[in-house]
Amino acid sequence: MEHGVHFFDLVNWLIGPPLGARGSKYGREGHNFIDRVTGVAFHPKGAVVSYYHGFTKPEAFENTIFSLIFERAYTKTEGWIPITLAVDAMVTPETDEFLTGDILDEARTFLPGIDVRLEKRELKTFPEGSVFQGRGKQFESTARMEYVFRLDRDRWEVYRACVRQGIVDLVHALKGQKSKPDVTLEDAKRALDVAKMMETAVS
C-alpha cells in the first residue's frame with residue numbers, strides 16, 4: 001500500500017482494474033524493513049503492467065518514470081508531478097491530426113490557467129503505401145514522429161492547480177451540480193484492492 005497505491009489508482013483510471021496481480025518485497029540489508037517492491041498486474045485485453053518502487057534515493061535525486069508501450073507508440077513521463085509527456089509513434093496523417101488537434105485541445109481544458117505546448121519532430125518518413133506488421137497485425141504508416149506535450153508552469157504550480165481542481169470538482173458534486181466527483185471512494189477502494197492482491201500473492 002505504502003509503495004504503490006497512487007500508481008495503482010492511476011493505472012485503474014487509464015485502463016481499468018486488473019484481473020489479478022502479484023508482488024515481491026526486498027528488505028534493506030541489516031535492517032528490519034522493506035525498502036523496495038516489485039509487482040505485476042494483469043489487466044483485461046492482455047494488458048500487463050509492471051511496477052517498481054523503492055525508498056532508496058535522497059530526495060534531491062528521486063524520480064518517477066511512467067511509461068506506456070502500445071503496438072504503435074511509446075509514451076513516457078518523468079517526475080512525481082510530471083509536466084511533460086513524450087510520445088514516439090508510427091503515424092498516419094489522420095493520427096498526426098488527432099494528436100496535434102483533438103488531443104491537444106482536450107489537454108488544454110484540464111487545468112484552467114495552465115497551457116499545454118506541443119513540440120513536434122519527424123524521426124523518419126516511410127514511402128507512401130508502406131505496410132508494417134506487429135503482434136500479428138498489419139497497419140500502414142507514413143512517418144515515425146515524436147510529440148512532446150509540455151505544461152507551461154513548474155511542477156509546484158501544476159500541483160496547486162490539481163489540488164484546486166479536485167476541490168472545485170468535489171464542491172460541484174456536493175452542490176448537486178454533478179452526480180458524483182471525478183474521483184470517488186470506490187476508486188480509492190479499487191486501488192487498495194490491487195495492493196491487497198499483490199500482498200496476498202507476494203513472493
Side-chain angles (χ1 to χ4, degrees), residues 1-90 103 106-107 110 132-137 139 149 151 155 158-159 162-163 165-167 169-170 173 178-203:
M1 253 183 275
E2 184 180 10
H3 281 272
V5 70
H6 300 299
F7 308 106
F8 304 152
D9 183 44
L10 176 59
V11 172
N12 287 351
W13 175 66
L14 288 170
I15 62 175
L19 304 172
R22 63 172 181 261
S24 299
K25 299 178 180 181
Y26 306 94
R28 184 175 297 180
E29 296 84 353
H31 296 79
N32 188 30
F33 61 84
I34 304 297
D35 67 350
R36 292 166 298 151
V37 295
T38 60
V40 180
F42 309 96
H43 292 258
K45 299 183 180 179
V48 179
V49 182
S50 62
Y51 299 90
Y52 167 80
H53 187 267
F55 292 113
T56 60
K57 302 287 190 297
E59 183 179 356
F61 192 52
E62 67 182 14
N63 195 12
T64 300
I65 299 171
F66 194 86
S67 299
L68 294 172
I69 301 173
F70 299 91
E71 291 178 356
R72 306 177 202 179
Y74 300 93
T75 72
K76 182 179 179 181
T77 66
E78 287 195 54
W80 173 242
I81 306 163
I83 60 171
T84 63
L85 167 66
V87 179
D88 177 353
M90 297 181 71
I103 288 292
E106 185 174 354
F110 286 120
F132 300 87
Q133 182 166 325
R135 206 165 183 254
K137 303 174 185 178
F139 60 92
F149 299 86
L151 302 180
R155 63 176 183 154
V158 171
Y159 183 55
C162 289
V163 172
Q165 284 306 108
I167 293 171
D169 179 68
L170 181 59
K178 58 189 302 186
S179 59
K180 62 180 182 178
D182 289 340
V183 180
T184 67
L185 289 175
E186 287 77 15
D187 294 320
K189 171 65 164 54
R190 281 190 283 268
L192 291 173
D193 287 342
V194 180
K196 186 176 180 182
M197 283 184 198
M198 291 195 180
E199 186 73 28
T200 302
V202 73
S203 60

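Just so you know, these numbers use all the heavy atoms, side chains as well, and skip hydrogens, waters and symmetry mates.
- A 4.5 Å side-chain heavy-atom check between V194 and P17 finds every atom pair outside the cut-off.
- Y51 and F8 have their aromatic ring centers within a separation under 6.0 angstrom.
- Distance check, rounded to the nearest 0.5 Å: NZ of K196 to NZ of K189 gives 7.0 Å.
- A search for ring-ring contact (aromatic ring centres under 6.0 Å, His included) contacts involving F110 returns nothing, not counting sequence neighbours.
- Within 6.0 Å of atom CD1 in I65, more than 12 heavy atoms from other residues, nucleotides or ligands are found, so the atom counts as buried in its surroundings.
- Among all heavy-atom pairs drawn from A47 and I15, the shortest one is CB-CD1, 4.1 Å.
- Side-chain contact between D182 and Q165 is absent, with no heavy-atom pair separated by less than 4.5 Å.
- For F61, the CZ atom sits in a loose shell: 12 or fewer heavy atoms of surrounding residues, nucleotides or ligands are nearer than 6.0 Å.
- Salt-bridge annotation for D193 and R190: absent, with no side-chain N of the basic residue lying under 4.0 Å from a carboxylate O of the acidic one.
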Tabulate below the donor-acceptor pairs under 3.5 Å that side-chain atoms of residues 70-81 make, not counting sequence neighbours, or state none.
residue, atom, partner, partner atom, Å
E71, OE1, K137, NZ, 3.2
E71, OE2, R135, NH1, 3.4
E71, OE2, K137, NZ, 3.0
T75, OG1, L68, N, 3.4
E78, OE1, N63, ND2, 3.0

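- Note that the NZ atom of K178 and the CG atom of D169 stand 3.5 Å from one another [nearest 0.5 Å].
- R36 meets the side chain to side chain contact (heavy atoms under 4.5 Å, CB included) test with Y26, E29, Y52, T56; sequence neighbours excluded.
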